[in-house]
Amino acid sequence: MKSKRRGKLFSLLASLLIVLSMAHPVYANDASTTMAVHFIDVGQGLSILVQSGGQNLVYDGGDQSHSDQVVSYLRQQNVQTIDYMIASHYDEDHIGGLIKCMNVFSIGNIIGPDYVHTSDLYDTFMNSASEKTITIQYPKVGDVFDFGTGSFTVLSPDGISQDSNENSVVIKLENGSNSFIFTGDAEETSEQDMISTGMNLDCDVLSVGHHGSESSTTWDFLAATSPSYAVVSCGAGNQYNHPSAETMERLSDMEIPVFRTDKQGSVAAVSDGTSITWTQSPCNDYTSGNSSDEYLEEQTSVVSSPDPEPEQPQVTDTYVWLSATGDKYHSIPNCGRMNPDKARQVTKSQAESSGYGACSKCW
């Protein structure tokens with residue numbers, strides 16, 4: 001009889017554990033070696049929550065219109081204290097939700113870049129921090145902060161630019177042998193600065209810069225980071241047509257699995273220090289945010305050669321390079337915004353007559 005009762009008791013306990021595991025997602029911060037990274041869907045903005053070892057880190061908070069959504073998401077993950085709040089830079093789509101978080105949660109540390117943004121929202125952000133007697137920390141490149149079961153290292157900015165995006169605080173978050181890089185809106189100049197430091201930029205997960213803009217996530221930076229996964233945070237049908245065809249082409253050509261908040265909503269990655277699991281599979285949707293973009297394969301007439309006319313001198317025309325996707329032509333095949341292995345040559349006049357514009361970098 002005792003044996004049967006014990007069997008029933010163990011059965012009831014097992015059932016209870018199953019129910020509890022369903023009520024508290026696997027990616028809750030309840031394991032000594034677990035680090036969970038949540039890429040929160042905030043439309044055309046960026047917000048990331050990291051939980052590890054009983055601590056919480058929030059990197060950006062989306063815009064003001066999504067502030068309630070960010071707070072609600074954090075509450076669902078049992079957040080009460082934000083140990084590290086990081087404002088990558090002070091654009092509205094990155095700090096809008098952080099202000100609401102300051103008013104709701106207990107804040108330990110605030111990290112941001114040392115520049116003045118000319119906006120009322122920036123003033124509100126600074127005043128909110130001052131009211132809570134929190135001194136904003138302006139870290140240097142190479143500074144390391146302990147967090148949860150791991151740490152994060154500041155990779156950028158090295159100096160202050162007139163361009164707000166280039167001032168983005170970029171961090172590399174590490175948990176055991178796993179690593180994540182959050183880039184804010186860092187663009188090509190910042191990426192080159194990070195490469196020139198000689199620091200190890202290799203990572204498992206890359207949060208793609210500036211919502212997938214063509215001015216970020218260059219070939220050089222992808223080669224330096226060599227991510228196993230990429231996450232694009234942008235809004236469906238946004239006015240900027242993010243992500244760009246050029247950026248998505250680079251990710252596709254390097255065969256990097258892609259997650260997109262505009263296609264999949266919020267997604268979380270769980271690191272145990274050795275491997276990373278996800279709450280859903282990558283969508284691997286490499287299309288751009290501009291529905292009018294066309295692939296080069298659909299314009300094969302552009303690359304046809306004119307019939308030779310040996311009796312008459314041919315009109316000299318500048319030859320340019322076209323990538324497999326995108327709407328720009330390039331003066332060189334390795335300018336950093338296209339895959340040279342898939343580049344094709346046509347004349348400049350042919351490219352322009354087909355609707356292509358000049359690459360802002362190499363022209």
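Between the N56 side chain and the T81 main chain, a donor and an acceptor come within less than 3.5 Å of each other. Side-chain atoms of T197 come within 3.5 Å of backbone atoms of M194 as a donor-acceptor pair (strictly under, hydrogens ignored). No donor-acceptor pair closer than 3.5 Å links the side chain of T183 to the backbone N or O of A186. A donor-acceptor pair under 3.5 Å links the side-chain atoms of D272 to the main chain of S275, judged by distance alone. Side-chain atoms of Q51 never come within 3.5 Å of backbone atoms of A36 as a donor-acceptor pair (strictly under, hydrogens ignored). Between the side chain of N167 and the backbone N or O of S161, at least one donor-acceptor pair lies under 3.5 Å.
In this model, a donor atom of one side chain and an acceptor atom of the other lie less than 3.5 Å apart for T247 and S244. Counted by atom type alone, D91 and S164 present one or more donor-acceptor pairs between their side chains at under 3.5 Å. A donor atom on one side chain and an acceptor atom on the other are not found under 3.5 Å apart for S266 and D41. With 3.5 Å as the limit, one finds a donor-acceptor pair spanning the side chains of S65 and D63. A donor-acceptor contact under 3.5 angstrom links the side chains of S156 and S190, judged on distance only. A donor atom on one side chain and an acceptor atom on the other are not found under 3.5 Å apart for R75 and S72.
In this structure, D285 and V258 have side chains that are not in contact, with every pair of non-hydrogen atoms separated by 4.5 Å or more. I40 places none of its side-chain heavy atoms less than 4.5 Å from the side chain of L46.
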Review item, side-chain donor-acceptor pairs of residues 135-143, under 3.5 Å, at least two apart:
residue : atom : partner : partner atom : Å
Q137    : NE2  : N109    : OD1          : 3.0
D143    : OD2  : K140    : N            : 2.8

Side chains of residues 93-103: which donor-acceptor pairs under 3.5 Å do they make with residues two or more places apart or in other chains?
residue : atom : partner : partner atom : Å
D93     : OD2  : H211    : NE2          : 3.0
H94     : ND1  : D60     : OD2          : 2.7
H94     : NE2  : D185    : OD1          : 3.2
H94     : NE2  : D185    : OD2          : 3.1
K100    : NZ   : D68     : OD1          : 2.2
N103    : ND2  : I99     : O            : 3.3

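Ring-plane geometry between F182 and F180 is classed as tilted, the angle between the planes lying from 30 to 60 degrees on a 0 to 90 degree scale.
In this structure, CZ on F105 lies 12.5 Å from CG on D83, to the nearest 0.5 angstrom. Atom CG of L222 sits about 11.5 Å away from atom CG of L201, to the nearest 0.5 Å. With values rounded to the nearest 0.5 angstrom, F39 atom CZ is found 10.0 Å from T279 atom OG1.
H242 has its ring centre less than 6.0 Å from the ring centre of H210. In this structure, F152 has its ring center closer than 6.0 angstrom to the ring center of Y84.
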Test log, rule side chain to side chain contact (heavy atoms under 4.5 Å, CB included), inputs S216 and E188: CA-CA 5 Å; S216 301; E188 184 177 358; over 6 Å; no
Does the side chain to side chain contact (heavy atoms under 4.5 Å, CB included) test come out yes or no for L57 and L49, once each step is laid out? CA-CA 6 Å; L57 179 154; L49 165 67; over 6 Å; no
Show your reasoning for whether side chain to side chain contact (heavy atoms under 4.5 Å, CB included) applies to T34 and V270. CA-CA 7 Å; T34 296; V270 186; 3.6 Å; yes
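The two residues G45 and S233 have their closest heavy-atom pair at O-OG, 2.7 Å. For the residue pair S179 and C203, the shortest heavy atom distance occurs at OG-CA, 3.1 Å.
In the hydrophobic cluster analysis, where Ile, Leu, Val, Met, Phe, Trp and Tyr join through side-chain heavy atoms closer than 4.5 angstrom, V144 is grouped apart from M199.
Applying the salt bridge (Lys or Arg N to Asp or Glu O under 4.0 Å) test to residues at least two apart or on different chains, none of the pairs has a partner in residues 151-177.
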